[in-house]
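Step one of this worksheet: look at the structure below.
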Amino acid sequence: MEFIHHTDGEALSCASFEPAPSASSASAGVVIMHGAGIGSKERSIPLARDFAAAGHPSLAFDFSGHGDSSGKLAELSLERRFRQAVGVIEAFAPGGGPLALVGFSMSGQTVADLASHLGGRVEAICLCAPAAYGPEAWPVPFGDGFTELIRRPGSWRPRTVFDALGAFTGRSVLVVPERDEVIPPEVTAGIEQALRTKSRFSKVVLDGADHQLGRWLSNHPEHRARLVDLCTRPHDPDHTDLART
C-alpha cells in the first residue's frame, strides 16, 4: 500500500507491505531507509516485499527531497532524516512494538541514531555500505556546506555513531560491496569493530557489487533472501561472520 505521511513539515511518500496470510507469523516490523543523492524507496521495494513474504510487516519511504516526497534536498539534514524516520516509525509501528532497521549508505547514520533513541525496541539492524558522520555534521542542511564539512580529513572520527553501534545488543548485519568507491575503508572497519562489541554480528561481502547496493540487491533476489534470513533468524548466542557471498 502506498500512502503519504505528514511529519517534520513534509509529505513523505511511503510504501508498506503486509505479510501474506500463508506466511509464518512474525512480530517485528521492518523499516528500510535509502541513501543520499538520487536514492529513493523504489530500490528498496523488492527487499520490503521479501521481508513481508517472510512474515514481517515492512515499510520503505522517501526522505524529503527524494523520490515522491515533498521538500528540497538542500534543506534536508541528518537531524531531519532522524526526525522524519521517527515520525514514520511512530505511524507505521505504534505502541512500542519490536523493529528491524535497514539502512543504506547515509542511512547507516540514521539507523545508529534510531537505535540509540528507540533502545530495546530495535531487535535487528542491517547496515548496507554504511556511512558515519561526526556530530558537527548532524544539524547542517545539505545545501549549507555539508559536503565541504564531511570532506575534511577525519571528520567522521568522533565516536557518536561507533558508540551507538557498540552499545547495540541485538542482531546486526553488515553488508559491504566488493569495492566501495564512496565509503572510506576506515569507516567500514570502525563500524564493524563497533558491531562486534555486543551484537550478534554477521558480515556479508557481495562480490561484483559496488556502493549502490540498493540497486544491486534489487537485481539479485538470492542475496536479498540471505539478508532477510540473517536479519530475522532466531537468536543465536554466537557471533557469525560470513566472509563472502
Side-chain angles (χ1 to χ4, degrees), residues 1-5 12-20 23 26 28-69 73 76 81 84-85 88-89 92-93 99-111 114 124-131 171-183 188 191 202-233 242-245:
M1 177 180 71
E2 295 196 12
F3 62 96
I4 298 296
H5 178 67
L12 303 186
S13 178
C14 307
S16 65
F17 302 89
E18 292 297 323
V30 179
V31 179
I32 305 173
M33 291 162 280
H34 63 75
I38 61 172
S40 76
K41 69 180 184 300
E42 292 305 315
R43 292 178 180 174
S44 300
I45 284 177
L47 184 59
R49 292 186 187 277
D50 290 348
F51 274 109
H56 294 261
S58 62
L59 178 138
F61 70 97
D62 291 327
F63 288 101
S64 63
H66 291 268
D68 297 321
S69 289
L73 181 57
L76 189 59
R81 274 175 149 254
Q84 290 172 16
V88 168
I89 288 170
F92 169 67
L99 294 166
L101 304 177
V102 182
F104 288 85
S105 192
M106 180 178 278
S107 283
Q109 169 81 45
T110 308
V111 167
L114 290 168
I125 60 176
C126 180
L127 303 178
C128 301
R171 292 185 298 279
S172 69
V173 183
L174 176 62
V175 185
V176 296
E178 180 181 17
R179 61 187 185 284
D180 195 327
E181 70 283 6
V182 175
I183 305 299
T188 304
I191 289 174
S202 300
K203 180 180 180 181
V204 178
V205 180
L206 295 173
D207 288 334
D210 59 14
H211 181 73
Q212 300 296 329
L213 287 184
R215 178 178 60 192
W216 194 88
L217 286 169
S218 69
N219 295 316
H220 291 81
E222 70 281 12
H223 295 300
R224 296 198 310 269
R226 193 167 193 180
L227 298 190
V228 169
D229 176 65
L230 288 171
C231 288
T232 60
R233 64 173 45 172
L242 302 182
R244 307 194 78 84
T245 187

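In this text the structure is predicted, and so the values were computed from the model without any measurement.
Nearest heavy-atom pair across L59 and F3 is CD1-CZ, 3.7 Å. For V30 against H56, the heavy-atom pair with the smallest separation is CG2-CB, 3.8 Å. Summarising the geometry of S44 relative to A60, their closest heavy-atom pair is CB-CB, 4.0 Å, with the distance given to 0.1 Å. Nearest heavy atoms, G37 versus L73: O-CD2, 4.0 Å. Minimum heavy-atom separation, D62 to D68: OD2-N, 2.9 Å. Residue P57 comes nearest to P19 through the heavy atom pair N-CG, 3.7 Å, listed as atom of the first residue, atom of the second, then distance.
Proximity of R43 to I38: side-chain heavy atoms (C-beta onward) are separated by under 4.5 Å at one or more points. Residues R171 and L230 have side chains not in contact (no heavy-atom distance under 4.5 Å, counting atoms from C-beta outward). L127 has its side chain out of reach of S172: every pair of non-hydrogen atoms, C-beta onward, lies at least 4.5 Å apart. Looking only at side-chain heavy atoms (C-beta outward), L47 and V228 come within less than 4.5 Å of each other.
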Take V204 and H223, measure what side-chain contact (heavy atoms from CB on, under 4.5 Å) needs, and give me the verdict at the end.
-> CA-CA 10 Å; V204 178; H223 295 300; 6.0 Å; no

I89 vs L101, side-chain contact (heavy atoms from CB on, under 4.5 Å): CA-CA, chis, key distance, verdict | CA-CA 10 Å; I89 288 170; L101 304 177; 4.2 Å; yes

Could you check K41 against L12 for side-chain contact (heavy atoms from CB on, under 4.5 Å), going step by step and ending with a plain yes or no?
-> CA-CA 11 Å; K41 69 180 184 300; L12 303 186; over 6 Å; no

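Here S69 contributes atom OG and I4 contributes atom CD1; the two are 6.5 Å apart, rounded to the nearest 0.5 Å. The CG atom of L227 sits 7.0 Å away from the CZ atom of F51 when rounded to the nearest 0.5 Å. Expressed to the nearest 0.5 Å, how far CG of L217 lies from CG of L206 amounts to 6.0 Å. Between the CG atom in L174 and the OG1 atom in T188 there is a gap of 7.0 Å [rounded to 0.5 Å]. Note: F61 CZ to E2 CD = 14.5 Å, rounded to the nearest 0.5 Å. Here the CZ atom belonging to R179 is positioned 10.5 Å from the CG atom belonging to D207, to the nearest 0.5 angstrom.
Here H34 pairs with F63, H66 under the ring-ring contact (aromatic ring centres under 6.0 Å, His included) rule; sequence neighbours left out.
At least one donor-acceptor pair closer than 3.5 Å links the side chain of Q84 to the backbone N or O of S64.
Of the N and O atoms on the side chains of Q109 and R81, not one donor lies less than 3.5 Å from an acceptor on the other residue.
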